[in-house]
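Worksheet: one structure, shown below.
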Amino acid sequence: MSLRRVTELPDDGFATVRVPLLGQRLCAGFPSPADDFLEGALELPRWLVPNPPATFLWQISGESMRGAGIFDGDLAIVDRSLKAGHDCVVVAVVNGQMSIKRLMIEGNRARLAFDNPDLPAFAVEDLEEAAIWGVVRFTIRWHLVRGQLGR
């Protein structure tokens with residue numbers, strides 16, 4: 001993936017597309033069955049969503065990815081059409097729960113890691129069930145306290 005300047009966006013770069021917001025908050029830490037459920041869709045600029053049919057939004061819950069600049073309450077734009085590679089931030093199904101992790105590949109060994117030095121990485125083969133669901137393409141963060149938005 002390469003970075004582009006706004007002036008280099010495609011002609012339809014300012015068009016919007018609707019992206020579904022998936023029901024359960026995406027765990028950035030250890031999965032919790034008590035997460036709130038959200039539903040709906042958001043309109044995002046087309047350049048954030050190059051492949052709309054394969055793109056979904058998840059709201060992040062937890063602080064285990066803070067080293068990647070991903071915090072509680074952020075929105076992750078997840079693309080299921082991208083192939084995950086070493087050092088990608090991914091959405092993984094870990095023992096039946098959706099979770100955000102960093103994929104680390106060393107030789108033939110894959111690990112899912114938190115981006116927080118206080119939390120351990122774990123080998124994929126050590127888990128009962130683990131699968132990569134999608135790759136995080138972008139995140140969106142609120143910079144205002146939500147109560148201030150109506151002012």
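Just so you know, these numbers use all the heavy atoms, side chains as well, and skip hydrogens, waters and symmetry mates.
Scanning both residues, Val90 and Leu103, for their nearest heavy atoms gives CG1-CB, 4.2 Å. The two atoms that bring Lys101 and Met65 nearest to each other are C-CE, 3.9 Å, heavy atoms only. Residues Ser81 and Asn51 come closest through the heavy atom pair OG-ND2, 3.0 Å.
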* To do: Take Ile60 and Asp72, measure what side chain to side chain contact (heavy atoms under 4.5 Å, CB included) needs, and give me the verdict at the end.
  => CA-CA 5 Å; Ile60 302 299; Asp72 187 63; 5.6 Å; no
* To do: Could you please spell out the steps behind the side chain to side chain contact (heavy atoms under 4.5 Å, CB included) verdict for Thr139 and Leu75?
  => CA-CA 5 Å; Thr139 57; Leu75 289 176; over 6 Å; no
* Test side chain to side chain contact (heavy atoms under 4.5 Å, CB included) on Ile70 and Asp115 and set out the steps. => CA-CA 9 Å; Ile70 301 172; Asp115 222 330; over 6 Å; no
* To do: Begin with the C-alpha distance, continue with both residues' side-chain angles, and end with the deciding distance and a verdict on side chain to side chain contact (heavy atoms under 4.5 Å, CB included) for Val19 and Val17.
  => CA-CA 6 Å; Val19 180; Val17 294; 4.1 Å; yes
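Taking the centre of each ring, Trp133 and Phe56 come in below the 6.0 Å mark.
Remark: side-chain polar atoms of Arg46 are paired, donor with acceptor, to backbone N or O of Pro50 under 3.5 angstrom. Judged by distance alone, the side chain of Asn116 and the main-chain N or O of Ser64 form no donor-acceptor pair under 3.5 Å. Looking only at distances, a side-chain donor or acceptor of His86 sits under 3.5 Å from a matching main-chain atom of Ile105. One N or O on the side chain of Arg102 and one on the backbone of Asp87 form a donor-acceptor pair closer than 3.5 Å.
Rounded to the nearest 0.5 Å, atoms CD1 (Ile77) and CG (Leu42) are 9.0 Å apart. The structure places CZ of Arg137 at 10.5 Å from SG of Cys88, a figure rounded to the nearest 0.5 Å.
Between Val135 and Val78, every side-chain heavy-atom pair lies at or beyond the 4.5 Å cut-off. Counting heavy atoms from C-beta on, the side chains of Leu44 and Leu57 come closer than 4.5 Å. The side-chain heavy atoms of Arg80 and Thr55, taken from C-beta on, include no pair separated by under 4.5 Å.
Linking ILVMFWY side-chain heavy atoms closer than 4.5 Å, directly or via other members, places Phe71 and Phe114 in two distinct hydrophobic clusters. Tracing side-chain contacts under 4.5 Å through hydrophobic residues (I, L, V, M, F, W, Y), one never reaches Met104 starting from Ile132; they form parts of separate clusters.
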